[in-house]
Number of protein chains: 2
Amino acid sequence: MSAKAQRPRPKTRIQREKQEVILEAALDVFSQFGFRGSTIDQIAEAAGMSKPNLLYYFKSKEDIHAPLLARILDTWLEPLREMSPEGDALSEIRSYIRRKLEMSRDFPRESRLFANEMLRGAPGFYEILHTDLKTLVDEKALIITGWMAEGRLARCDPYHLIFSIWATTQHYADFDIQVQAVLGSERGGDNRFEDAALFLDQLYLHGLTPK
Amino acid sequence: MSAKAQRPRPKTRIQREKQEVILEAALDVFSQFGFRGSTIDQIAEAAGMSKPNLLYYFKSKEDIHAPLLARILDTWLEPLREMSPEGDALSEIRSYIRRKLEMSRDFPRESRLFANEMLRGAPGFYEILHTDLKTLVDEKALIITGWMAEGRLARCDPYHLIFSIWATTQHYADFDIQVQAVLGSERGGDNRFEDAALFLDQLYLHGLTPK
DNA sequence: GTCTATATATTGATAGAC
DNA sequence: GTCTATCAATATATAGAC
């Protein structure tokens, strides 16, 4: 939303739709090869248009990449934002895990785009992580710590708890190829996400239930 | 080791050392930008030599990348191989986690190189995952299932258990920049791996202790 | 808005002097 | 073995016709 404001806002509906087609194609490409490894040609082909035509809508490679990145962190943290101090501790954590896993299932390319950025050290992105992201995580860590103090949750490091949830859920998007290779055709089908959901639910339920 | 056999073995010790310098530099670069996003120029500069000089030792970009990839899976799976059916179930799992986390701490670039390959769909690598890796995981999954049948471990899906261990431990290498950004300078120092080890140990101890 | 043509820079790789 | 020079291919981006 705020990302749109960076470039002159699209005038017509057609323009906006074309831009969406391009961003969609770019997400395919960038999420696989990262920024440096992707070419405008690849994106143009994926978008079904010529390179100059694509560059009519976005004046540079960076201009295609930036809005994708800008919208992703917001989407990605939505499930964490929903974690409420009012709810039941274990239920809140478990449904956070479920929602996060659903995001990996439904938006794997976004997850991989993000992962690519992390791998190269998040240039021009670190500030946001260190401010916006850190603030949100600090806030939620406090809630979790509160739950532990009330005896509703086993005591543990809330930051590493959150990291472990990020890791386990995003793994199914980022390392999907490996997951499928190991599970094989029999079990790698569509229910790998259900199996993962069951496993993670149990792991964290038993792992976090106060003793 | 078997990777070396693919190209004519180096004659002198000097040659071998130069190749090592190059591979070391290449690991730095490839692990950040992936294969396509890295340039021979970058690698040459990191290795402190000219591009033609580097290409005297490795005749192509692919030839630098391949041996790095070949040696990595072996190293990476070493801790899993060590998991023994003779040992105590919970201890075996916990020390597997500890060793795997140590690898993320000690070989973060290798982890990121691997992650980069997964993100682009592991071209020319999938076969190995589907055969060698799957075979090893199948074997260890059987052991784990055996432990569960004996009541030494809480029942759960052994494959997703292994995935979750991979995910949580590799996260500290692959997403290090994010971990550091969130923890901040106070806690992001050198003990983030110790904190992670403590957290994971507790999570899996409680999560996997039979009820 | 979309195309062909092209300018300009970067990249993978080689030739050949030393 | 290492260097300078360079080639051919690819890449980002623009010009200008339609």
Side-chain angles (χ1 to χ4, degrees), chain A residues 6-69 113 116-117 120 123-124, chain B residues 6-69 113 116-117 120 123-124:
Chain A
Q6 288 180 264
R7 51 188 151 72
R9 63 189 160 288
K11 309 285 190 301
T12 76
R13 193 177 57 88
I14 293 282
Q15 265 182 327
R16 228 171 338 219
E17 282 174 3
K18 277 261 179 183
Q19 288 188 336
E20 263 318 307
V21 169
I22 293 168
L23 288 173
E24 173 70 14
L27 182 55
D28 264 346
V29 178
F30 282 136
S31 64
Q32 274 190 75
F33 304 104
F35 181 73
R36 291 225 27 199
S38 303
T39 72
I40 298 183
D41 263 319
Q42 279 180 290
I43 299 170
E45 189 184 343
M49 64 182 75
S50 71
K51 182 163 51 172
N53 194 188
L54 182 149
L55 285 166
Y56 170 77
Y57 291 99
F58 293 90
K59 70 179 200 301
S60 76
K61 187 178 169 181
E62 178 60 39
D63 275 17
I64 316 173
H65 191 249
L68 286 174
L69 218 51
L113 182 76
N116 259 306
E117 282 305 296
R120 58 169 184 150
Chain B
Q6 288 180 263
R7 50 190 152 71
R9 60 189 163 289
K11 310 285 191 299
T12 76
R13 193 178 56 87
I14 293 282
Q15 266 181 326
R16 227 169 343 215
E17 282 175 3
K18 277 261 179 183
Q19 288 189 337
E20 262 319 306
V21 169
I22 292 168
L23 289 173
E24 174 70 15
L27 182 55
D28 264 346
V29 178
F30 282 137
S31 65
Q32 274 189 76
F33 304 105
F35 181 73
R36 291 224 30 196
S38 302
T39 71
I40 298 183
D41 264 317
Q42 278 181 293
I43 299 170
E45 190 184 343
M49 65 182 73
S50 70
K51 181 164 55 172
N53 194 189
L54 181 151
L55 286 166
Y56 170 79
Y57 292 98
F58 294 89
K59 71 179 197 304
S60 76
K61 188 178 170 183
E62 178 59 39
D63 276 17
I64 316 173
H65 191 250
L68 286 175
L69 219 50
L113 183 75
N116 260 306
E117 282 305 296
R120 56 169 186 149

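These numbers come from the heavy atoms of this one structure, side chains and all, not from hydrogens, waters or symmetry mates. Chain identifiers are assigned alphabetically (A, B, ...) following the order of the sequence lines, protein sequences preceding nucleic acid strands; residue numbering begins at 1 within each chain.
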Could you pull out all residues at least two apart from [X] that satisfy side chain to side chain donor-acceptor pair (under 3.5 Å)?
{"X": "A/Glu45", "result": "none"}
{"X": "B/Asp41", "result": "B/Lys51"}
{"X": "B/Glu24", "result": "B/Arg109"}

Taking only residues two or more places apart in sequence or in another chain, which ones pass side chain to side chain contact (heavy atoms under 4.5 Å, CB included) with B/Gln42?
A/Arg36, B/Val29, B/Phe33, B/Ser38, B/Thr39
Between [N] ([atom2]) and [X] ([atom1]): distance, integer Å:
{"X": "A/Leu54", "N": "C/dC3", "atom1": "CG", "atom2": "C1'", "answer": "14 Å"}
{"X": "A/His65", "N": "D/dA11", "atom1": "NE2", "atom2": "P", "answer": "17 Å"}
{"X": "A/Asp63", "N": "D/dA13", "atom1": "CG", "atom2": "P", "answer": "9 Å"}
{"X": "A/Phe58", "N": "C/dG1", "atom1": "CZ", "atom2": "P", "answer": "13 Å"}
{"X": "A/Gln19", "N": "C/dT2", "atom1": "CD", "atom2": "P", "answer": "12 Å"}
{"X": "B/Glu17", "N": "D/dG1", "atom1": "CD", "atom2": "C1'", "answer": "15 Å"}

So do the side chains of A/Asn116 and A/Phe30 get within less than 4.5 Å of each other, counting heavy atoms only?
no
Test side-chain hydrogen bond (donor to acceptor under 3.5 Å, both in side chains), reference B/Asp63, set B/His65, B/Lys61, B/Lys59, output is B/Lys59
So which atom in [X] and which in [Y] form the shortest heavy-atom distance, rounded to 0.1 Å?
{"X": "A/Ala47", "Y": "A/Ile22", "result": "CB-CA, 4.3 Å"}
{"X": "B/Gln19", "Y": "B/Tyr57", "result": "NE2-O, 3.7 Å"}
{"X": "A/Ile64", "Y": "A/Ala26", "result": "CG2-CB, 3.5 Å"}
{"X": "B/Leu55", "Y": "B/Ile40", "result": "CD2-CD1, 4.0 Å"}

When you measure from the side-chain N and O atoms of [X] to the phosphate of [N], is any distance below 4.0 Å, counting only OP1 and OP2?
{"X": "B/Asn53", "N": "D/dG1", "result": "no"}
{"X": "B/Tyr56", "N": "D/dG1", "result": "yes"}
{"X": "B/Ser50", "N": "D/dC3", "result": "yes"}

So if I take residues 42-49 of chain B and measure heavy-atom distances to DNA chain C, which residues fall below 4.0 Å?
none
Give the intermediate values and the outcome of salt bridge (Lys or Arg N to Asp or Glu O under 4.0 Å) for residues B/Arg16 and B/Glu20.
CA-CA 6 Å; B/Arg16 227 169 343 215; B/Glu20 262 319 306; over 6 Å; no
Rounded to 10°, tell me the angle between the two end axes of the helix from C/dG1-D/dC18 to C/dC18-D/dG1, each built from five pairs.
10°
Under 3.5 Å, N/O pairs linking protein and nucleotides 12-17 of chain C:
unit_1, atom_1, unit_2, atom_2, d
C/dG12, OP1, B/Ser38, O, 3.3
C/dG12, OP1, B/Lys61, NZ, 3.1
C/dG12, OP2, B/Ile40, N, 2.8
C/dG12, N7, B/Lys51, NZ, 3.2
C/dA13, OP2, B/Lys61, N, 2.8

